[in-house]
Amino acid sequence: MSDALIRRSLEPTIFRVLTLAFSVFIVAYILIPILVTLVMSFNDATQIRFPIKVWSLKWYGDFFASPQWTEALFNSFTIAIGTALIATTSGVLAAWAFERYDFPLKSLLYVLIMMPLFMPGVVLGLGVAIAFGGVEIAGVDLYGSRGLVMIAHSLWAMPLVFMLMEATFRTIDNRVVEAAQDLGAPPVRTFFEVVIPMVSTGIISSVLFAFVISLNEFVMALFLTDRDTQTLPVLMWLSLRSAGTPRLAVASVILACTVFLCLTLIMLWYIRQLRKVAR
Amino acid sequence: MTTPALHLDRVRRVYGPVVAVDDVSLSVAKGEFVTLLGPSGSGKTSTLRLVGGFDQLDGGSIAINGERIDHLPAYQRDTATIFQSGALFPHKTVAENVAFGLRMRKVGTSEIADRVRQYLDIVRLGGFADRYPAQLSGGQKQRVALARSLAVRPAILLFDEPLSALDLSLRLQLRAEIKSLHDQLKFSAIYVTHDQGEAMAMSSRVAVMRNGAIEQIDTPTRIFHDPASEFVYTFIGESCCLRVNNAAQSLDLTLETPLLGEARLYVRPSRLRLGPDAASLPNRLKARVKFVEFLGDTNRYHLQAGDADLFADHAGEMSLAPGATVDLGWLTADMRVFR
């Protein structure tokens with residue numbers, strides 16, 4: 001066999017091995033942080049440290065027995081649900097308006113809607129904190145309230161919903177919308193009865209994305225919450241500075257599992273819609 | 001005179017420099033089926049969209065049953081459109097699709113159920129009530145769209161090239177169905193198409209459109225036999241054209257009454273006689289055979305005379321090889337001259 005032939009048969013093999021190694025590296029790179037916390041959450045010791053000598057669910061029990069931690073979890077979920085509602089409603093309506101109607105300063109408004117998405121969390125957090133620092137509505141201090149955090153989180157979530165829904169609305173067949181109006185449905189009725197069902201995957205995705213964005217957000221929540229309203233990431237950060245117990249790993253696992261659940265829901269809904277509409 | 005179901009009075013629509021609809025006036029009597037026929041860009045679909053309320057007028061007026069509607073939005077007009085794509089609601093079943101317009105018109109629940117059943121039976125889709133549009137064939141979708149529009153019993157039905165997305169045999173079948181439905185239900189309709197066969201077969205009257213204006217409006221037979229212009233004549237069916245110029249005649253042409261000056265002479269290919277049949281006819285032309293197409297019942301002879309390309313259909317056997325010279329003949333009544 002000549003050298004050239006050997007080289008030719010060797011080259012694809014080397015290339016294949018490299019491809020495989022690289023893929024393994026990428027997958028490991030993505031999965032390792034999640035797997036490490038998952039493993040650590042089952043540690044019986046009082047410190048986050050390898051090797052694990054005894055496996056147990058002790059810290060899970062500890063997490064749910066602590067009022068401070070369950071309250072932080074409750075705060076996180078409340079704020080995330082609120083954010084999902086605010087961001088989805090405003091984002092969907094804004095995207096529909098941009099898709100259907102022409103109005104002055106449209107492109108300027110587009111930039112304005114998208115801008116907060118590219119703003120650092122500290123800038124938004126600090127801005128909202130200063131602006132609403134001493135504001136009271138009906139005797140309730142706005143600063144430190146969950147509502148204010150929802151609104152702040154919506155600054156990030158809404159542009160995302162807007163972007164997603166704008167692309168989704170562009171895929172719908174305008175003739176179907178016209179057919180609804182032609183048969184006597186006013187614009188609002190058309191929107192809810194015909195348009196919304198056609199974009200249900202986009203809406204479900206929007207709700208869950210906004211939910212996840214809010215659940216994960218840390219900087220704005222740190223700036224805007226107090227002891228009673230602090231979210232899980234904020235409490236984790238505060239307790240990490242004092243003592244890094246596996247309770248932190250438990251909190252991480254709960255957050256990560258919630259995110260996985262949301263992604264699964266989006267996938268399931270998408271598959272369901274595909275079955276129904278595309279046979 | 002009774003009020004027409006639909007009346008357009010000098011309707012106008014301008015897009016920038018383009019006059020899409022140029023002062024179109026048209027009346028559709030109750031129960032009448034009027035076709036807007038024309039090539040793409042002739043303004044037929046634009047006109048229909050103005051009637052449906054999907055576009056705004058730049059001039060003129062539209063009345064349904066004698067009442068002006070051009071200021072009303074689409075959802076307040078008593079019209080129902082059958083779109084080219086069907087435009088069914090993908091997330092509603094066939095029955096829900098048909099019921100939609102009735103619900104919007106606040107028809108009672110039991111009556112809705114009755115009418116959905118009735119109109120699905122009319123379009124022969126009685127067993128498909130619970131299917132989703134994605135589970136239907138193209139022809140079935142279009143029949144659901146038809147039932148959905150018929151069920152609201154609009155003052156006028158608007159057909160926007162509803163058959164152009166279907167294949168030929170289905171198109172012919174559905175066009176016969178729509179015609180028999182019209183005979184049965186006597187609805188008033190405007191039907192937009194670029195297919196002259198559809199227009200001829202279905203319509204009470206045909207309006208041939210060109211550049212945003214109606215070139216001629218009349219019954220199909222009169223449009224066919226008495227076209228108002230060269231455009232209508234050539235658009236309505238196949239034709240052969242001969243440019244005749246007395247001064248420099250390069251054709252071996254005999255006419256019953258000679259033409260003076262320049263003219264364009266037209267004959268339908270089905271009216272041309274070939275070979276021995278041509279000898280006794282008053283108008284004759286010698287042409288050279290280019291090639292022959294077998295069309296089943298007939299053969300189509302592609303011919304050349306001077307610089308004109310012609311074709312003639314002939315049913316019988318004839319041994320004409322390419323390159324042979326053949327006699328063509330026709331009756332004066334079958335000939336049109338435009339200058």
Side-chain angles (χ1 to χ4, degrees), chain A residues 88 92-93 95-97 99-104 164-165 167-207 265-279, chain B residues 45 48-49 51-55 72-93 96-107 131-137 141 144-162 165:
Chain A
T88 308
V92 167
L93 293 181
W96 183 241
E99 169 65 21
R100 295 299 288 186
Y101 305 103
D102 264 319
F103 41 86
L164 180 75
M165 289 311 295
T168 311
F169 281 137
R170 231 175 279 143
T171 63
I172 65 175
D173 180 2
N174 192 40
R175 299 284 147 137
V176 177
V177 179
E178 284 183 350
Q181 306 212 334
D182 184 57
L183 289 163
V188 174
R189 198 100 195 249
T190 305
F191 182 71
F192 283 108
E193 275 220 36
V194 174
V195 177
I196 291 288
M198 281 199 283
V199 295
S200 62
T201 306
I203 299 219
I204 297 285
S205 307
S206 297
V207 170
L265 283 179
I266 294 176
M267 285 307 291
L268 288 179
W269 186 271
Y270 180 66
I271 291 166
R272 197 190 94 114
Q273 287 308 107
L274 272 190
R275 285 229 183 91
K276 192 164 164 188
V277 175
R279 179 146 39 168
Chain B
T45 296
L48 196 79
R49 291 179 64 78
V51 177
F54 306 119
D55 201 358
L72 295 175
Y75 57 91
Q76 282 173 1
R77 298 188 185 192
D78 196 11
T79 59
T81 309
I82 292 103
F83 293 92
Q84 183 181 332
S85 58
L88 299 180
F89 308 128
H91 295 82
K92 294 182 186 295
T93 62
E96 285 164 356
N97 263 279
V98 179
F100 186 82
L102 299 169
R103 275 176 44 228
M104 296 304 135
R105 282 167 166 75
K106 307 215 160 41
V107 176
R131 300 262 188 113
Y132 282 93
Q135 298 168 297
L136 302 177
S137 70
K141 277 185 204 162
V144 175
L146 190 60
R148 185 175 70 174
S149 294
L150 283 170
V152 296
R153 296 179 187 152
I156 185 144
L157 274 169
L158 308 174
F159 292 86
D160 187 8
E161 309 210 24

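The figures that follow rest on heavy atoms only: side chains count, while hydrogens, waters and symmetry mates do not. So that the names make sense, note that chain A is the first sequence line, chain B the second, and so on, each numbered from 1.
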Out of Val177(A), Val176(A), Asn174(A), return the one with the most heavy atom pairs under 4.5 angstrom to chain B. Val176(A)
So which of Thr190(A), Val194(A), Val188(A) actually passes side-chain contact (heavy atoms from CB on, under 4.5 Å) with Phe192(A)? Val188(A)
Might you point out which heavy atoms bring Gln273(A) and Pro197(A) nearest each other, and give the distance in Å? NE2-O, 4.2 Å
Looking just at side-chain N and O atoms, do His91(B) and Glu96(B) make a donor-acceptor pair shorter than 3.5 Å? no
What part of Arg131(B) is in contact with chain A, defined as an atom under 4.5 angstrom from a non-hydrogen atom: side chain, backbone, both or neither? neither
Would you say Asp182(A)'s side chain and Thr81(B)'s backbone share a donor-acceptor pair under 3.5 angstrom? yes
Do Ser205(A) and Leu164(A) have side chains that approach each other closer than 4.5 Å (heavy atoms only, starting at C-beta)? yes
Toward chain A, the part of Tyr132(B) with a non-hydrogen atom under 4.5 Å: side chain
So which part of Leu158(B) gets closer than 4.5 Å to some heavy atom of chain A, the side chain, the backbone, both or neither? neither
What closest approach, in Å, do Ala179(A) and Ala87(B) show between heavy atoms, and which atom pair accounts for it? CB-O, 3.8 Å
Checking Asp160(B) against Phe54(B) for the side chain to side chain contact (heavy atoms under 4.5 Å, CB included) test, could you report, in this order, the C-alpha distance in whole Å, the side-chain angles of both residues, the deciding distance, and whether it holds? CA-CA 13 Å; Asp160(B) 187 8; Phe54(B) 306 119; over 6 Å; no
Who in residues 98-106 of chain B is close to chain A, using a strict under-4.5 Å heavy-atom cut-off? Phe100(B), Gly101(B), Arg103(B), Met104(B), Arg105(B)
If only atom types and distance count, is the side chain of Arg77(B) paired as donor or acceptor with the main-chain N or O of Leu72(B) below 3.5 Å? yes
May I ask you to name which of Leu88(B), Thr79(B), Val152(B), Asp78(B) has the most heavy-atom pairs under 4.5 Å with chain A? Thr79(B)
